[in-house]
Colleague: 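The structure's right below; bear with me while I get my questions together.
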Amino acid sequence: MLVTIEGIDGSGKSTLLNGLLEELKDLNPVFTREPGATWIGEQVRRGIKERINPVAEALLFVADHAAHLDTVVRPALNADKLVISDRYTDSRYAYQSETLKGHIQDPKKWLLDIHNGWTIVPDITFLLVVPVEDSLGRIKRERTESEHFECKNVLENVQQNYLELAEKDPRRFVIIDAKKDRDEILHFVAGIIRKNNL
Ligand code: TMP
């Protein structure tokens, strides 16, 4: 089963994932992430830092996804493992719909088309939703460097894109109010994963 965790920067994904690592130990899940699980993911981080052309950046994210499927996701699913990914395709739909504005005529359609036919759709996607002011506060407290996505306008639109995706696919998405107590969120999410992993 493929589970993905999504949300804007500073929405508490890392806290949730660290909790799941402990909480779901007995299920022996494969924890993975985008970008970062492949060497292309490292180039994506470089691209983000150097603020390369948005189309180039988007294509690097897609290349990382393709390699991620081949090297981590597909082999684990074929071995009947539980896979939990910190970000996945919905990150592209939510973020690159913003970054590609003005560079590509219809970014949402372009992004859907470019993934069509080869990506693997997750079984469950948990979407952490938080007021953007709170997420920016958390980013400021926890990090020394910030990425170009991390400003109010961009994150507002990214979160809106996420919510639209969730509205279109309510069977796959579980929306989480990220302002709730962290243990409450952890037990809720772990409970749903366990129930669906039978
Ligand atoms: P991270 O902070 O979760 O490691 O992700 C790095 C940044 O990359 C984060 O600001 C979200 C962004 N991102 C995209 O813009 N598109 C994508 O497809 C992915 C996976 C991440």
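Side chains are part of it too, since the values below use all heavy atoms of this structure and drop only hydrogens, waters and symmetry mates.
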Colleague: Is the closest side-chain heavy-atom distance between Val83 and Met1 below 4.5 Å?
Modeller: no
Colleague: Indicate every side-chain donor-acceptor pair of residues 7-17 with a distance under 3.5 Å to a residue at least two apart or in another chain.
Modeller:
from	atom 1	to	atom 2	distance (Å)
Asp9	OD1	Tyr95	OH	2.4
Ser11	OG	Ile8	O	2.7
Lys13	NZ	Asp86	OD1	2.7

Colleague: How long is the straight-line distance from CZ of Phe126 back to CD1 of Ile5, given to the nearest 0.5 Å?
Modeller: 6.0 Å
Colleague: Using side chain to side chain donor-acceptor pair (under 3.5 Å) as the criterion, list what pairs up with Asn18, not counting sequence neighbours.
Modeller: none
Colleague: Closer than 4.0 angstrom, basic N to acidic O: yes or no for Asp70 and Arg74?
Modeller: yes
Colleague: Passes salt bridge (charged side-chain N to carboxylate O under 4.0 Å, His left out), Arg46 versus Glu42? Steps please.
Modeller: CA-CA 6 Å; Arg46 179 173 166 191; Glu42 288 156 31; over 6 Å; no
Colleague: Determine whether a donor-acceptor pair (N or O, by modelled atom type, separation under 3.5 Å) exists between the side chain of Gln159 and the backbone of Val130.
Modeller: yes
Colleague: Would you call the rings of Tyr88 and His65 parallel, tilted or perpendicular if under 30° counts as parallel and over 60° as perpendicular?
Modeller: perpendicular
Colleague: Can you check whether Val55 reaches Ile104 side chain to side chain, under 4.5 Å on heavy atoms?
Modeller: yes
Colleague: Suppose we screen for side chain to side chain donor-acceptor pair (under 3.5 Å). Which residues come up paired with Glu164, at least two apart in sequence or across chains?
Modeller: Lys108
Colleague: Has the side chain of Asp123 got a donor or acceptor atom that lies under 3.5 Å from a matching backbone atom of Val3?
Modeller: no
Colleague: For Gln96, give me all partners under side chain to side chain donor-acceptor pair (under 3.5 Å), at least two apart in sequence or on another chain.
Modeller: none
Colleague: Run the numbers on Asn161 and Glu98 for side chain to side chain contact (heavy atoms under 4.5 Å, CB included), then give the verdict.
Modeller: CA-CA 9 Å; Asn161 292 337; Glu98 280 315 298; 3.3 Å; yes
Colleague: Considering only distance and modelled atom types, tabulate donor-acceptor pairs under 3.5 Å from the side chains of residues 190-198, sequence neighbours left out.
Modeller:
from	atom 1	to	atom 2	distance (Å)
Arg194	NH1	Asp26	OD2	3.0
Arg194	NH2	Glu23	O	3.0
Arg194	NH2	Asp26	OD1	2.8
Asn196	ND2	Ile192	O	2.8

Colleague: Which one of Ile48, Ile40, Thr99 satisfies the side-chain contact (heavy atoms from CB on, under 4.5 Å) criterion with Phe61?
Modeller: Ile48
Colleague: Could you please spell out the steps behind the side chain to side chain contact (heavy atoms under 4.5 Å, CB included) verdict for Ile176 and Leu127?
Modeller: CA-CA 6 Å; Ile176 309 280; Leu127 172 61; over 6 Å; no
Colleague: For the CG atom of Asn157 and the OH atom of Tyr162, what is their distance to the nearest 0.5 Å?
Modeller: 13.5 Å
Colleague: Under 4.0 Å between a side-chain nitrogen and a carboxylate oxygen: does that hold for Arg45 and Asp64?
Modeller: no
Colleague: Does the distance from a Lys or Arg side-chain N to an Asp or Glu carboxylate O, for Arg172 and Asp169, drop under 4.0 Å?
Modeller: yes
Colleague: Just verifying a value: how many Å separate Leu128 CG and Lys179 NZ, rounded to the nearest 0.5 Å?
Modeller: 14.0 Å
Colleague: Take Ile185 and Asp183 through the test side chain to side chain contact (heavy atoms under 4.5 Å, CB included) and record every step on the way to the result.
Modeller: CA-CA 5 Å; Ile185 294 176; Asp183 284 340; over 6 Å; no
Colleague: Is the closest side-chain heavy-atom distance between Val30 and Ile84 below 4.5 Å?
Modeller: no
Colleague: Would you say Phe173 ends up clustered with Val158 if hydrophobic residues are merged whenever their side chains have heavy atoms under 4.5 Å apart, either directly or through other cluster members?
Modeller: yes
Colleague: Is the shortest side-chain N to carboxylate O distance from Glu156 to Lys152 below 4.0 Å?
Modeller: yes
Colleague: Within a 6.0 Å radius of atom CH2 on Trp39, are there more than 12 heavy atoms belonging to other residues, nucleotides or ligands?
Modeller: no
Colleague: Go through the steps to decide whether Thr4 and Ser85 satisfy the test side chain to side chain donor-acceptor pair (under 3.5 Å), and finish with yes or no.
Modeller: CA-CA 5 Å; Thr4 60; Ser85 187; over 6 Å; no
Colleague: For the rings on His115 and Trp110, is their centre-to-centre separation under 6.0 Å?
Modeller: no
Colleague: Residues in side chain to side chain donor-acceptor pair (under 3.5 Å) with Arg182, at least two apart?
Modeller: none
Colleague: Do other residues, nucleotides or ligands put more than 12 heavy atoms under 6.0 Å from Glu167 CD?
Modeller: no
Colleague: Within the 4.5 Å heavy-atom criterion, are Ser91 and Glu6 side-chain neighbours or not?
Modeller: yes
